[in-house]
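Everything below concerns the one structure shown next.
We count residues from 1, following the sequence as given. Just follow the structure's listing: the first ligand is 1, and inside any ligand the first atom is 1.
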Amino acid sequence: MSNCANRSKQVRIGVIGVGGMGARHVHNLTHEVNAAQVVALSDVDAARLQQIATTCGASYLFSDPYALIHHPEVEAVLIAAPDRFHAGLTQACLEAGKPVLCEKPLALTSAEARRIVDAEVRRGRRLVQVGLMREYDPAHLRVKQIIDSGKLGKPLAFRGVHINGGSLSWRTVEDVITNSAVHDLHSARWMMGDEVVRVYVSYVPYSTDRPDTARLVLIQLHYRGGAIGQIECNMEAGYGYEVDVKITGETGAAETNSLQSAVVRFKNQRGQWVEQDWLQRFETAYIQEARAWVRSLQTGAPTGASAWDGYISMVLADACIASARSGQPVDVAVPSIAEIYRRT
Ligand code: ISE
C-alpha cells in the first residue's frame, strides 16, 4: 500500500539508525502506516543513509541523532540505533517533549532505565513506548486472550523458547540477556500478568575458556503469586529462528506454534520450513506495532510496552546477569508502579 494520501494529516517521524532493524521500521512506516510520514533519518553511515532516504523520501538527513531530535519538522522519533545509545537518545526525546518509540532494550542497566521513568513521571504523561513487539504478535495475543478469559484458571507455569540461528561473533552473557532474553523476560510478565520475584540463571558458554560468553541461557523464574517459569534462549541453534511460549493453568494450557509453514513430504522425508530470523517471524508484529504507535500519537492514548515495562525488564535483566555471574538464585525487589503506567 502506498503512503501518499493526505500528507498534511500524517505524523512526521524521524528514525535514528537505519541498519537492518531501522530500515525495516522505515519500510513499515512508509508502506504500511497511512498516517505516518518518515521525514528525517539519522545514521553514521552516510551511504546507507542516502540509500534508505531514497526508499522513503525523507528530506532531512543527519549524522548527529540529536540534531534530528531537535529538528522542528520532526514530531515523533523512532530509535533503532545500537543498544548502548538507547537511554541517552530517549532522554533527549523526553527533554524535547517528543514522543518516542525506542527499540528494546530501553537501556543497558536498570539504573539508566529508572532515570528515564523518573523523567517521564516528572512530565506527568507517557511519551515513551518500548519496542517489545511480541505484544503485537497474533499468536502471542491469542494465547494472552485465552489466559485473560480465565478459561485456563490461574496460570501456574510459563515456558518461553527463543531460538536464534546464530551470529557472526560470540555474544557475552550481558549482551544475550539485555539484547535477546529481554524479550522473554517481558513476555514472562506480560503474559502471566504477574511479577517475577526470583531468577536463577545457568548457561553454556561458546567455549570453556570464555566464561564471559553465552551460547545457551536457561532462566528459571519464580512469580510473586507462586507460579514458576523457564526461559530457554539459544543464540546458536544453527538451523533457523523460533520463538514460542506455553502457559499452563489450573484447568488447561495454551501455547503458540511458530511452525506455521506447509508440511512437505518428499523423498522419504516429512518437514517444515523454519523461519530465518525475527524480521520474518515477527513481520506482522512489527507492522502492527508501528500502526498502534502512530495511532497512539494521533489519539494521545498511549499503547504497548511503556518505559515502566522497559525498566522492569532491565531490573530482571540485571538480576539475571548477577545470577549468571554468581551461579546463585537472585531475588528481585519489584518497585511499586508509578500511576501513569497502570494499564487499564
Ligand atoms: C534481536 O535484537 C531482537 O530483538 C530479536 O527479536 C531477538 O530474537 C534477537 O535475539 C535479538 O538479537
Side-chain angles (χ1 to χ4, degrees), residues 15-28 78-87 89-90 101-108 113 129-141 159-191 201 203-206 213-219 231-245 256 258-259 274-290 293 304-305 309-310 313-314 316-317 320-321 324:
V15 176
I16 299 176
V18 293
M21 195 63 250
R24 174 60 68 91
H25 283 304
V26 169
H27 174 91
N28 286 345
L78 190 152
I79 299 171
D83 296 2
R84 64 184 184 283
F85 301 118
H86 290 183
L89 293 169
T90 302
L101 172 57
C102 180
E103 262 301 332
K104 43 48 62 181
L106 177 59
L108 289 183
Q129 182 173 336
V130 181
L132 291 159
M133 72 345 189
R134 291 185 189 172
E135 289 201 24
Y136 297 97
D137 173 50
H140 279 72
L141 280 170
R159 183 168 157 74
V161 179
H162 183 174
I163 309 289
N164 291 265
S167 54
L168 295 177
S169 51
W170 290 357
R171 295 178 59 179
T172 62
V173 177
E174 284 80 1
D175 181 52
V176 169
I177 289 172
T178 59
N179 176 270
S180 293
V182 69
H183 280 296
D184 311 293
L185 293 168
H186 178 65
S187 295
R189 299 177 54 236
W190 168 62
M191 299 211 79
V201 176
Y203 68 98
V204 182
Y206 282 85
T213 64
R215 179 180 177 142
L216 193 148
V217 175
L218 214 57
I219 306 175
I231 294 165
E232 175 188 334
C233 197
N234 184 346
M235 304 316 299
E236 195 80 33
Y239 63 80
Y241 184 86
E242 288 179 275
V243 168
D244 279 303
V245 290
T256 62
S258 61
L259 285 178
V274 179
E275 274 154 338
Q276 178 78 20
D277 57 21
W278 54 93
L279 294 180
Q280 274 185 2
R281 164 69 179 84
F282 290 108
E283 184 179 1
T284 306
Y286 283 118
I287 293 171
Q288 298 296 10
E289 176 188 61
W293 179 54
D309 296 311
S313 60
M314 290 316 301
L316 294 175
C320 286
I321 292 167

**Prompt:** Taking only heavy atoms of Arg171, which atoms of ligand 1 are found under 4.0 Å from at least one of them?
**Reply:** 12 (O)
**Prompt:** Once you round to the nearest 0.5 Å, how far does NE2 of His140 lie from CZ of Arg134?
**Reply:** 5.0 Å
**Asked** Which protein non-hydrogen atom lies closest to atom 6 (O) of ligand 1, naming both residue and atom, and how far is it?
**Response** His183 NE2, 3.1 Å
**Request:** Considering heavy atoms of the protein only, find what lies nearest to atom 2 (O) of ligand 1 and give residue, atom and distance to 0.1 Å.
**Result:** Lys104 NZ, 2.9 Å
**Item:** Side chains of Lys104 and Asn179 in contact at under 4.5 Å (non-hydrogen atoms)
**Value:** yes
**Side chain, backbone, both or neither: Phe282 near ligand 1, heavy atoms under 4.0 Å** = neither
**Asked** For atom 7 (C) of ligand 1, what's the nearest protein heavy atom and its distance?
**Response** His162 NE2, 3.4 Å
**Request:** Can you pull out the closest protein heavy atom to atom 9 (C) of ligand 1? Residue, atom name and distance to 0.1 Å, please.
**Result:** Asn164 OD1, 3.4 Å
**Request:** Considering only NZ, NE, NH1 and NH2 on the basic side and carboxylate oxygens on the acidic side, decide whether Arg159 and Asp244 come within less than 4.0 Å.
**Result:** no
**Item:** Which residue and heavy atom of the protein sit nearest atom 12 (O) of ligand 1, plus the separation
**Value:** Asn179 OD1, 2.6 Å
**Prompt:** Heavy-atom distance under 4.5 Å between the side chains of Ile79 and Glu103, does that happen here?
**Reply:** no
**Item:** For Tyr241, the ligand 1 atoms whose distance to one of its heavy atoms is below 4.0 Å
**Value:** 5 (C), 6 (O), 7 (C), 8 (O)
**Item:** Arg281 side chain vs Ser258 backbone, donor-acceptor pair below 3.5 Å
**Value:** no
**Asked** Of all the heavy atoms in Glu242, does at least one lie under 4.0 Å from an atom in ligand 1?
**Response** no
**Request:** With heavy atoms only and a cut-off of under 4.0 Å, state how Glu103 meets ligand 1: side chain, backbone, both or neither.
**Result:** neither
**Message:** Main chain of Ala81, side chain of His86: is a donor-acceptor contact present, judged purely on distance under 3.5 Å?
**Reply:** yes
**Item:** Atoms in ligand 1 with a heavy atom of Ser180 nearer than 4.0 Å
**Value:** 9 (C), 10 (O), 11 (C), 12 (O)
**Request:** Report the relative orientation of the aromatic rings in Trp190 and His186; use parallel for angles under 30°, tilted for 30 to 60°, perpendicular for over 60°.
**Result:** parallel
**Item:** Within reach of ligand 1, part of Arg281 (heavy-atom separation under 4.0 Å)
**Value:** neither
**Request:** Ignoring hydrogens and angles, tell me if any N or O in the side chain of Asp277 forms a donor-acceptor pair with the backbone of Gln280 under 3.5 Å.
**Result:** yes
